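Contents: one structure, followed by commentary.
This is a predicted model, so every value here is computed, not measured. Every chain is numbered from 1 and lettered A, B, ... according to where its sequence line falls, protein lines coming before strand lines.
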Amino acid sequence: MDDEGAAMTTTTPRTEIEPYDPGSVAQRWQQRWEADGLYRTPDHVEGQQNWYALTMLPYTSGDLHVGHWFAMAPSDVLARFKRMQGYNVLFPMGFDAFGLPAENAAIAGGVHPKDWTDANIERMRGQLKRMGAMFDWEREINSSDPSYYRWTQWWFLQLYRQGLAYRAEAAVNWCPSCNTVLANEQVIDGHCERCHTEVEQRQMEQWFFRITDYAEQLLDNDQLEWPEHVKRMQRNWIGRSEGTEVSFALETPTADGSDEIRVFTTRPDTLCGVTFMVLAPEHPLVSQITTEERRVEVEAYVEQARHTTEIERQATDRPKTGVFTGAYSVNRLTGERVPIWIADYALATYGTGAVMGVPAHDQRDFELAGKFGLEIRVVVAPPGWDGKPLSEAYLGRDGSQVSSGRFDGMPNAEGYEAIADHIVAQGWGERRVTYRMRDWLISRQRYWGTPIPILYCDDCGTQPVPEDQLPVVLPEDAEFKPTGDSPLKRHAGFLNTTCPQCGGPATRETDTMDTFVDSSWYFLRYVSPHDDEAPFDAEKAKLWGPVDQYTGGAEHAVMHLLYARFFVKMMRDLGLVDHGEPFLRLFNQGIVLSEHTKMSKSRGNVVAPDAYVSELGADVVRLYLMFMGPWEGGGDWSDAGINGIARWMNRAWDLATSPADALPAADGPADRDMTRRMHQTIRRVTTDIERFKYNTALAAMMELTNDMAPAFEARSVSQPVWAETVRRLLLLLAPMAPHVTEELWERTGNPYSIHAQPLPAWDDALAAVDEATLVVQVNGKVRERIAVPADISEADAKQQALASERVRAYTDGHDVTKVVFVPGRHLVSVVVK
RNA sequence: GCCGAAGUGGCGGAAUGGUAGACGCGACGGUCUCAAAAACCGUUGGGGGCAACCCUGUGCCGGUUCGACUCCGGCCUUCGGCACCA
């Protein structure tokens, strides 16, 4: 067989070994693992610490694409890695199963949302299983199952009882043609995405969660091991503003006795620069204060604002608009009379819905004043101000007070405090903190969601459904018609009920909850997914604690992650959990691209993993996704790139299965090198995986196999060292490629299962090199490399460096002014003049 | 507009302030083959030189340092987030 020529290559005689068949290997082990319950997770194992690993649960859209794999497979690697490090690891999976697409499918295709969803779950579960993750399927959850949403309703009732759930009027996007509320994403340039009708704003009774009560606590995220930008985004989203709420007197009190307008300002130092007031068009005082001669114009403006969507209104490049109400207010600080305007740049939902107009020191006020010829009075003089009119508002905080009466001459930072104190002392207002974040609107006029467990009785008013009557079940015989009306509204059997208080007739709330409510507590349901006494078992929740490592897409940086934090804080305040944060560590993976663009159905560039899994195996798909680049960076899917991984997988298979009979029984000349390489690889792979650097962990293993092949061919490594190298390579690779390593583990004579083995440890002494390359730089340029003992002394290194002929070519005839030795780096830097 | 992240070969990417381009893809040359594919071996930032080697090179311009992809200042570009929040 082998002749002189063959020794020149690393070709393994393939006739002797069975080639790798990924399909049969994966199938065999997936069946075995499931039959053995290898991934069932007990709540406690003596002598092991619990570790809760979680990846965001998928929406039941239908098919798993490579984006799902990219999110889940590397998470699985970490979970498996932790397991091999000796932790009792919980790594569950479930389905975010409520939501609009199911209902749209029902309207369009006549298939019931439940059937559509269940079929998708069935398909996705199968696809997830083919990925070979260590999910504990006995803990699977489905947010659209009554056994789950019963508890979502239960949470609603706890919030309601705490006063954290309330009903109020809110503006929503309303399509008058579809006769329904639209989410912001469904409004395209002010028009309905489906029928292209112009969308208007409508006031409707809606349910809210009082998340703003927790604004201050949610702001405190310093101790979380999350990406800094996510924490910053949450802080910006919450948008804490310190300022002063100031009362302005109404010159003419209204018929119902209101005699003031309250405004929130972060700049009390500019109070003497107020030359007008602005109310939001929706402000309750508008209709009352508008004078008869201004009424027609004001009402027209209000009406116009009503038809403008929130999104349109928030376009910052829109020229300022507004109308005068005819009414005046009095600035109590100056006694001045200022006109009251309405303008849609004042937001009804922020602060008090009214602002004081200080055109010299606020750009929006400046623009309005410029357009309508209102006075622009400078009260904070910019440094070096020449007294001339400003070309734009001066927003700086380093000016001094002018035209501010007794406050004149103060630096405005001081004026800020003095004027605010004065306002408070006079009883004209108080210091206040305002948040940009609004309460969470959870009402959805949809069928396919968790019904809000509330009913309305003519006599007893709004009544919560008693807990023992949960769940309020979605009627399956609802009708799905393209009217836009919720099917629950037209379902008499659902709608009509009796009041738990008086037994009289009552109607049910027909709105369902935002699906973000479902996903705000699912991570706790996994600790006791079949519990029918409580949403979760408190003792088990204590055992698992908060999620140790959460992974998912960056698109959830604010909403989902903020809502979940709110829920856990609420649970803690109810005494149901010990911890106040749901996720201790967070990691955001990047996005997989295809043809350099984001995958989307409309572009038709969605990459389905199924064909690659069938052809190359789940292990190769997993490895390729991890090798594309750093996990947080995402990457571009390439058919060519995956072949490199497939090739390497085959090479590794050949190495592990080649009979080692021809190798020396002991004392191979390359044993020391091979052992060192092995320990270096263990060290690199271990530290890389802990930092989510799967790409470099894999590269390290590739380097090892690149060294193993020639050593095997040259028979320079002994049988025991070879066997040990193969064994440890398999262990290191096991979290990433669970099927093929299990197969090779068995074929190399090891006991089932590789996934129950401890991770190999490295020995720094064995990983250490004994010969190193001394690099010599002259004036920063590398001029020489000398082989030296690794433990060379500083003096020897410098001496050898300076003695080198090549170095002397650069130093002879020059003054050597400095010689630097860098110990750990085997580097000498020579400076010459 | 504001906040943030990132710019390295033909491509994906690697480098605790210390040998830039690991590992992989692709390309080129070769082995095997009647031939091709697969597999394997070799070369592969650019420029120069017969060669040993030399010059140059991490978006652009400066700075710190014996030494900068890395740190600092200022630009440019791309991508994310927020966007009239008083």
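Nearest nucleotide to the side chain of A/M702, out of B/C23, B/A86, B/G18: B/C23. Considering only the side chain of A/A346, B/A86 comes nearest among B/A14, B/G24, B/A86. Counting only heavy atoms from C-beta on, A/R436 has its side chain closest to B/C82 among B/G24, B/C82, B/A15. Distance from the side chain of A/A640 is smallest to B/G26 among B/C85, B/G26, B/G13. Residue A/L827 places its side chain closer to B/U19 than to any other of B/A15, B/A86, B/U19. Distances were taken from every side-chain heavy atom of A/F627 (C-beta onward) to each of B/A86, B/C23, B/G18; the shortest belongs to B/C23. Comparing B/C23, B/C40, B/C66 by their nearest atom to the side chain of A/V820 picks out B/C66. Checking B/G26, B/G24, B/G81 against the side-chain heavy atoms of A/M233 singles out B/G81 as nearest. Listed nucleotides B/A86, B/A14, B/A22 differ in distance to A/R364; the shortest reach to its side chain belongs to B/A86.
For B/C50, there is no paired nucleotide, since no Watson-Crick or G-U wobble pair has both relevant distances below 3.5 Å. Base-pair partner of B/U31: B/A39 (Watson-Crick or G-U wobble, both distances under 3.5 Å). When both pairing distances are held under 3.5 Å, B/C66 makes a Watson-Crick or G-U pair with B/G18. Of all nucleotides present, only B/A5 satisfies the Watson-Crick or G-U wobble test against B/U78, with each distance under 3.5 Å.
Between A/R806 and the phosphate of B/C53, there is a side-chain N or O to OP1/OP2 separation shorter than 4.0 Å. The shortest distance between the side-chain N/O atoms of A/R783 and the OP1/OP2 oxygens of B/C54 is below 4.0 Å. Between B/G67 and A/N779, no contact under 4.0 Å exists linking OP1 or OP2 to a side-chain N or O.
Defined by atom type and a distance below 3.5 Å, a donor-acceptor pair is present between the side-chain atoms of A/W648 and A/T705. A/R364 and A/Y345 form no side-chain donor-acceptor contact under 3.5 Å, judged by distance and modelled atom types alone.
The gap from the C1' atom of B/U31 to that of B/A35 amounts to 15 Å, rounded to the nearest Å. On the P atoms, B/G57 is 12 Å away from B/G62, given to the nearest whole Å. Spacing between B/G59 and B/U77 at atom C1', rounded to whole Å, works out to 7 Å. Taking atom C1' in both B/G45 and B/G26, the straight-line distance is 15 Å, to the nearest Å.
Residue whose closest nucleotide on RNA chain B sits further toward the 5' end, between A/Y435 and A/N236: A/N236. Residue order along RNA chain B, read from the 5' end via each residue's closest nucleotide, puts A/P630 first among A/V830 and A/P630.
If you check every strand for non-hydrogen atoms under 4.0 Å, A/N643 touches nothing. Backbone-only engagement by A/V782 is indicated by non-hydrogen atom pairs under 4.0 Å involving sugar-phosphate atoms exclusively. Counting non-hydrogen atoms under 4.0 angstrom, A/N706 reaches the backbone sugars and phosphates but no base. Using a 4.0 Å heavy-atom cutoff across all strands shown, A/Y810 reaches sugar-phosphate atoms only and no base atom. A/V831 comes within 4.0 angstrom of the backbone, heavy atoms only, and of no base. Using a 4.0 Å heavy-atom distance criterion, A/G644 is classed as a sugar-phosphate-only contact. Within 4.0 Å of A/R647, counting heavy atoms only, lie sugar-phosphate atoms of the nucleic acid but no base atom. Within 4.0 Å of A/R825, counting heavy atoms only, lies at least one base atom of the nucleic acid. Heavy atoms of A/S241 sit under 4.0 angstrom from primed sugar atoms or phosphate atoms, though from no base atom. At a threshold of 4.0 angstrom between heavy atoms, the contacts of A/S829 include nucleobase atoms, whether or not backbone atoms are also involved.
A/L561 contributes atom CG, which lies 9.0 Å from atom CZ of A/R565 (distance to the nearest 0.5 angstrom). A distance of 10.5 Å separates CE of A/M736 from CZ of A/F627, quoted to the nearest 0.5 Å.
Taking 3.5 Å as the limit, the base of B/G18 and the side chain of A/Q777 contain a donor-acceptor pair of atoms between them. No hydrogens or angles were tested; on distance alone, nothing pairs the side chain of A/R240 with the base of B/C85 as donor and acceptor under 3.5 Å.
When the shell of 6.0 Å around CZ of A/R808 is examined, it contains 12 or fewer heavy atoms from other residues, nucleotides or ligands.
In this structure, the side chain of A/R432 does not engage the main chain of A/G243 through any donor-acceptor pair within 3.5 Å.
Syn is the conformation of B/G9, whose glycosidic angle sits no further than 90° from 0.
One finds no salt bridge joining A/E367 and A/R318 here, because no Lys/Arg side-chain nitrogen approaches an Asp/Glu carboxylate oxygen to under 4.0 Å.
Taking the centre of each ring, A/F692 and A/W631 come in below the 6.0 Å mark.
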